[in-house]
Chemist: 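Let me give you the structure first, and then I'll get to my questions.
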Protein chains: 2
Amino acid sequence: MKITMKEIAKLANVSQSTVSRVINGNKGVNEEAAQRVLEVIEKVGFIPNKAAQTLKRSKSHIIGVLLTETYNPYFVELIDKLESESRKRGYNILLHVSNRNPIVEWESVQNFIARQVDGMIIIPSGEYNIERISKLPIPSIVMTQNWKPIDSIGLDHILAGKMVAEKFVLSGHKTFGFVGTAPDEKFLGFSSGLQENGVEFADKNYIVLQETSTNNFLIRRDIDAYLEQAGGTVDFTCCFAANDIMALEFMRAIEDRGMKVPEDISIIGFDDTYLAKIMGISSVHQPIEEMVNTTLELLLDRVENEVTSEPVQIKLNPTLVERSSSNLKK
Amino acid sequence: MKITMKEIAKLANVSQSTVSRVINGNKGVNEEAAQRVLEVIEKVGFIPNKAAQTLKRSKSHIIGVLLTETYNPYFVELIDKLESESRKRGYNILLHVSNRNPIVEWESVQNFIARQVDGMIIIPSGEYNIERISKLPIPSIVMTQNWKPIDSIGLDHILAGKMVAEKFVLSGHKTFGFVGTAPDEKFLGFSSGLQENGVEFADKNYIVLQETSTNNFLIRRDIDAYLEQAGGTVDFTCCFAANDIMALEFMRAIEDRGMKVPEDISIIGFDDTYLAKIMGISSVHQPIEEMVNTTLELLLDRVENEVTSEPVQIKLNPTLVERSSSNLKK
DNA sequence: ATATTTTTTTAAAACGTTTACAAACCTTTC
DNA sequence: GAAAGGTTTGTAAACGTTTTAAAAAAATAT
């Protein structure tokens, strides 16, 4: 039923290995014979079986990409770029989404292995599986945050937090808010940045969001809950949000309650996704293009050159894109 | 280097075929031997090579998913659901993005074939490749719109357009706007819906957006251009947008110019993505869950049961979710 | 002419599985 | 105690490629 190199060989009156050579552009094939083979291939529409190639070559030209979630447009912009850049380089993308479930995460990694991926790009759900992933014989790289004993690439979140803190302080703000899930490097940077500038972050101004991957409406729910409990207002004049959706939802929530952005409250988000651009939200820029290119370069270098140097942690520098949601001094 | 069934066999003191039987849970293996095999597998962490399995079984358990673009959150919600549901059913996702380029689209399909996917789910860039895709020996299904000689599933866009038209008319509107790329079924339904209700759509109220997949900022640019040319205002009191982003961008654009939504203009978007939910935009709902489930059911039925009945076109019914961007009569 | 080198071709062994078939081993049963 | 039956096991072929090693053919030199 299915057409294979064997039939091509028969039709072109050569041996199978000759067909293979032609397909792979190997030297030492008579010009005329090669022509005949190509014609037959064209005529019958033969497409080589990559499962067989993978088996024989021990190379699949597949990259496993594991996302935590898709509700954040940032990850989507990332995967879009990843797909096109990988394809350009001759690799295809096998996609998994862990929904921040460490068990699913590990299963996905196992699946990648079973599928013989040449490399894996992982946005981890936490540190749960980092250790064992780093021990795998397959090149793997962690994106969007730096993790320790593994190749990783990400913005310098600490620095980003500090940068925002400094901006706020220099613009005259005295009280500060933060929207995010459990305290992370962004928050760490933010609060220590405040300290370095002689002010203190007040814990009650931390709007804690439940960690969630599937349902972004919890964000608004948690923000509303916070605002209700706080009496419909807020004890700070500027606010840093851990991503653009949070920034947007926070903005909508306080505007619904009559506060004005940026007059009453300045807001800065994170990721600089199209959401921030559309909505005019100031945001810490993620250089997606640079990130993807660097990631693929490193990963494919490991894949193709069997380099086994120490894992590296690549930190990218944050920049702030100012829009109408914040009123900052230059 | 790489560990195979052969070593497992040796270590467990059985033949390779026995190992295979154990792994696949086949009957006729001595309980004690099976136990031994499982222990060895566990101990050395053996994972069967799916490339070899694919080759032998002529079944990859991979589904090729081809998207046009990712800027529209609707497609993202779709792919997220597709990934999780496929995984639940034992299939993995190979992802391609065509960026509405018919050549890339066809290359992706060829790649799917080479990769031995069991089925393909395609959001097409147009009709360019539909014909030849429908002729492939691999089950394929087109999503989000109905296309003719191929399995397809999508909202009834005509009906959706009519529904919106009717809603607007019944709510007392007399002038109507539309935001979208080249006229499609949504617009067709919308304008014929108006006609059926005794009113006419004025061509000058069609805000034409350049077809684009990579850069959503063109949307705002085109809307601004239209508004400038129209003197900063608009000749209609209600507007239907072909997707939620367009609705959102249009809303922002007219609000920036001092018009009020919904007091001056009612807006209804399309897809009912989280964007619409967050921003309070009325929108025609896409039943993503139902769509994905129906798609997979049909596709996997074709894959697993070799059913070769005629292609079907499945039409889903639109419903309208009303939010604060429109002021409609019940 | 033949010997030598070079080019082109083929046959066959892998890659890691699954599976049809046959062999070996137990039980029963008469 | 042998025939019949059922389990369990192993051998080997196959899936569709790539690639090595060797054979064949062609080209060149002597």
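Each chain gets a letter, A, B and so on, in the order the sequences are listed, and its residues count up from 1.
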Chemist: Which residues satisfy the ring-ring contact (aromatic ring centres under 6.0 Å, His included) test with B:F75, sequence neighbours excluded?
Modeler: none
Chemist: Can a donor-acceptor pair be found, under 3.5 Å and without considering hydrogens, that links the side chain of A:Q313 to the backbone of A:K148?
Modeler: yes
Chemist: Would you say A:N129's side chain and A:P102's backbone share a donor-acceptor pair under 3.5 angstrom?
Modeler: yes
Chemist: Check this for me: does the side-chain of A:K56 come within 3.5 Å of the base of D:dT18 through a donor and an acceptor?
Modeler: yes
Chemist: Around atom CD1 of B:I103, are there more than 12 heavy atoms of other residues, nucleotides or ligands at under 6.0 Å?
Modeler: no
Chemist: Rounded to the Å, how far apart are B:K2 NZ and C:dT17 P?
Modeler: 10 Å
Chemist: Specify the angle, to 10°, made by the local axes at the two ends of the helix from C:dA1-D:dT30 to C:dC30-D:dG1 when five pairs are taken at each end.
Modeler: 60°
Chemist: Sorted by first residue and then second, give each ring-ring contact (aromatic ring centres under 6.0 Å, His included) pair with at least one member in residues 94-124 of chain B; sequence neighbours left out.
Modeler: B:H96-B:F112
Chemist: Using a cut-off of strictly less than 4.0 Å, decide whether A:T18 has a side-chain nitrogen or oxygen near OP1 or OP2 of C:dT10.
Modeler: yes
Chemist: Can a salt bridge be assigned to the pair B:K135 and B:E131 using a cut-off of 4.0 Å between side-chain N and carboxylate O?
Modeler: yes
Chemist: For A:Q53 and D:dT18, is the shortest distance between a side-chain N/O and OP1 or OP2 below 4.0 Å?
Modeler: yes
Chemist: Heavy atoms only, 4.0 Å cut-off, all strands: where does A:A51 land among base, sugar-phosphate and nothing?
Modeler: nothing
Chemist: CD1 of B:I41 versus C1' of C:dT17: gap in Å, rounded?
Modeler: 13 Å
Chemist: Mind calculating the distance between NZ (B:K59) and C1' (C:dT17) to the nearest angstrom?
Modeler: 16 Å
Chemist: Tell me the interatomic distance from B:R57, atom CZ, to C:dG16, atom C1', rounded to whole angstroms.
Modeler: 12 Å
Chemist: Report the distance from atom CD1 of A:I47 to atom P of D:dG16, rounded to the nearest whole Å.
Modeler: 15 Å
Chemist: Could you tell me how far apart B:L55 (CG) and C:dG16 (C1') are, to the nearest whole angstrom?
Modeler: 9 Å
Chemist: OP1 or OP2 of C:dA11 less than 4.0 angstrom from a side-chain nitrogen or oxygen of A:S17, does that happen here?
Modeler: no
Chemist: Within residues 19-29 of chain B, find the residues that approach DNA chain D with a heavy atom at under 4.0 Å, and present them sorted by residue number.
Modeler: B:R21, B:G28, B:V29
Chemist: Salt bridge between B:R89 and B:E85, side-chain N to carboxylate O under 4.0 Å?
Modeler: yes
Chemist: For DNA chain C, which residues in residues 5-15 of chain A have a heavy atom at a distance below 4.0 Å?
Modeler: A:V14, A:S15
Chemist: Rounded to whole Å, how long is the line connecting atom CD of B:Q16 with atom P of C:dG16?
Modeler: 10 Å
Chemist: Has A:S140 got a side-chain atom pairing as donor or acceptor with A:I138's backbone, closer than 3.5 angstrom?
Modeler: yes
Chemist: Could you check whether any side-chain N or O of A:D118 sits under 3.5 Å from a backbone N or O of A:I63, counting only pairs where one atom can act as donor and the other as acceptor?
Modeler: no
Chemist: Between OG1 of B:T54 and CG of A:N49, what distance do you get to the nearest 0.5 Å?
Modeler: 8.5 Å
Chemist: Sequence neighbours excluded, which residues qualify as salt bridge (Lys or Arg N to Asp or Glu O under 4.0 Å) partners of B:K10?
Modeler: none
